[in-house]
Amino acid sequence: MDFSSPETWRWIFLVLAVGLTVGEIAVAGSFFLLPFGVGAGAAAVAGFLGAPVGMLWLVFVVVSALASSVLWPLRRRLDSRERSEIGADRWVGRQAFVLRDIPGSVGATGTVRLDREEWRAESLVGVPIRAGSTVLVSRVDGTRLVVLPLDEPPLLPPISQDKE
C-alpha cells in the first residue's frame with residue numbers, strides 16, 4: 001500500500017467517513033465522531049476530484065473543525081434541556097388547582113386540574129388540602145400526582161339557614 005498516493009488516501013478517507021458516521025449512530029447524541037466523519041467524507045470527495053495528499057489532510061482538518069464548531073454547541077444545547085420534560089414527569093414543578101378535597105391520610109386521593117386534565121392527587125406532607133387551593137406537583141406516582149399545598153382558598157362565611 002502506497003501511503004504517498006492520493007488514490008490510497010481517498011479510499012482511506014472514504015472508509016473513515018463511513019466508519020465514523022456509523023460509530024456516531026452507535027453512540028447516539030454525543031456528536032463526537034460525526035464531525036470527523038464529515039471531515040473524512042469531504043477529504044474523500046476531494047481525493048476523488050484529484051487533490052494531492054496534503055490537500056486531503058487540510059480538507060479533513062478544516063472541515064472537521066468547522067463541523068465540530070457547529071455540532072458540539074448543538075450537543076450542549078440539546079443536553080441542557082431538562083430530562084423531566086419527557087413523559088409524565090413533565091408535570092413535576094407545575095401548579096394545579098384542587099377540584100375535590102385531598103385528604104391528609106396516606107394513599108387517600110382528591111382531584112386536581114392540571115392544564116386541561118383532571119388527575120387523582122394525594123398530599124405529600126399528609127395534611128388535608130381543600131378544594132379551591134393551588135398545589136405544586138412534587139412527583140408523579142403511577143396515575144396520581146403527589147402535591148404540596150401552596151395556598152388555601154379564602155373561607156366563605158357560613159350560609160345562614162334562618163327563615164324570616
Side-chain angles (χ1 to χ4, degrees), residues 13-46 59-164:
F13 279 120
L14 182 63
V15 169
L16 266 175
V18 171
L20 291 168
T21 304
V22 169
E24 178 65 40
I25 293 169
V27 186
S30 69
F31 290 144
F32 179 72
L33 299 174
L34 187 60
F36 300 109
V38 170
V45 168
V59 167
F60 172 71
V61 170
V62 169
V63 172
S64 294
L66 288 173
S68 296
S69 69
V70 170
L71 292 173
W72 289 350
L74 177 63
R75 174 192 65 194
R76 280 193 299 275
R77 191 169 63 220
L78 292 173
D79 286 346
S80 70
R81 289 184 184 173
E82 289 188 32
R83 300 270 186 228
S84 66
E85 294 179 9
I86 299 171
D89 286 341
R90 70 183 178 274
W91 301 121
V92 174
R94 304 267 313 271
Q95 291 184 14
F97 181 76
V98 180
L99 297 174
R100 282 188 225 114
D101 290 350
I102 301 171
S105 56
V106 176
T109 61
T111 307
V112 298
R113 177 174 298 279
L114 185 56
D115 288 342
R116 291 187 225 166
E117 298 180 17
E118 288 186 18
W119 287 77
R120 290 184 312 138
E122 82 177 68
S123 174
L124 176 69
V125 290
V127 297
I129 304 170
R130 294 189 321 218
S133 301
T134 303
V135 292
L136 180 69
V137 178
S138 63
R139 74 174 189 265
V140 179
D141 191 12
T143 60
R144 66 189 160 174
L145 304 176
V146 180
V147 297
L148 280 168
L150 290 178
D151 66 10
E152 290 287 324
L155 289 173
L156 298 175
I159 299 174
S160 104
Q161 296 184 350
D162 293 340
K163 293 188 180 178
E164 293 179 29

How many angstroms lie between [atom1] in [X] and [atom2] in [Y], if you round to the nearest 0.5 Å?
X: Ile129; Y: Ile102; atom1: CD1; atom2: CD1; answer: 4.5 Å
X: Leu74; Y: Phe31; atom1: CG; atom2: CZ; answer: 5.0 Å
X: Ser64; Y: Leu33; atom1: OG; atom2: CG; answer: 11.0 Å
X: Leu16; Y: Thr21; atom1: CG; atom2: OG1; answer: 10.0 Å
X: Leu114; Y: Leu99; atom1: CG; atom2: CG; answer: 10.5 Å

Under 3.5 Å: donor-acceptor pair, side chain of [X], backbone of [Y]:
X: Ser138; Y: Val146; value: yes
X: Ser69; Y: Leu66; value: yes
X: Glu122; Y: Ala108; value: no

Which atom pair, heavy atoms only, marks the closest approach of [X] to [Y]?
X: Leu14; Y: Ala44; result: N-CB, 3.6 Å
X: Thr134; Y: Gln95; result: CG2-OE1, 3.5 Å
X: Pro103; Y: Ser123; result: O-CB, 4.2 Å
X: Ser68; Y: Pro73; result: O-CD, 3.7 Å
X: Gly132; Y: Phe97; result: O-CE1, 3.4 Å
X: Trp119; Y: Thr143; result: CE3-O, 3.8 Å

Hey, does Leu150 have a side-chain heavy atom less than 4.5 Å from the side chain of Val135?
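Of all side-chain heavy-atom pairs linking Leu150 with Val135, none is under 4.5 Å.
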Could you check whether any side-chain heavy atom of Val125 comes within less than 4.5 Å of a side-chain heavy atom of Pro149, counting everything from C-beta outward?
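Result yes, sub-4.5 Å side-chain heavy-atom pair found.
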Would you indicate whether Arg94, at its atom CZ, is surrounded by more than 12 heavy atoms from other residues, nucleotides or ligands within a distance under 6.0 Å?
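Enclosed: over 12 neighbouring heavy atoms sit under 6.0 Å from CZ of Arg94.
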Can you list everything that forms a side-chain hydrogen bond (donor to acceptor under 3.5 Å, both in side chains) with Asp141? Sequence neighbours excluded, please.
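Only Arg144 meet the side-chain hydrogen bond (donor to acceptor under 3.5 Å, both in side chains) criterion with Asp141.
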Arg113: partners by side-chain hydrogen bond (donor to acceptor under 3.5 Å, both in side chains), with sequence neighbours left out:
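Scan of Arg113 (side-chain hydrogen bond (donor to acceptor under 3.5 Å, both in side chains), adjacent residues dropped) gives Glu118.
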Which class fits the ring pair Trp72 and Phe32: parallel under 30°, tilted 30 to 60°, perpendicular over 60°?
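Taking Phe32 first and then Trp72, their aromatic rings lie parallel (interplane angle under 30°).
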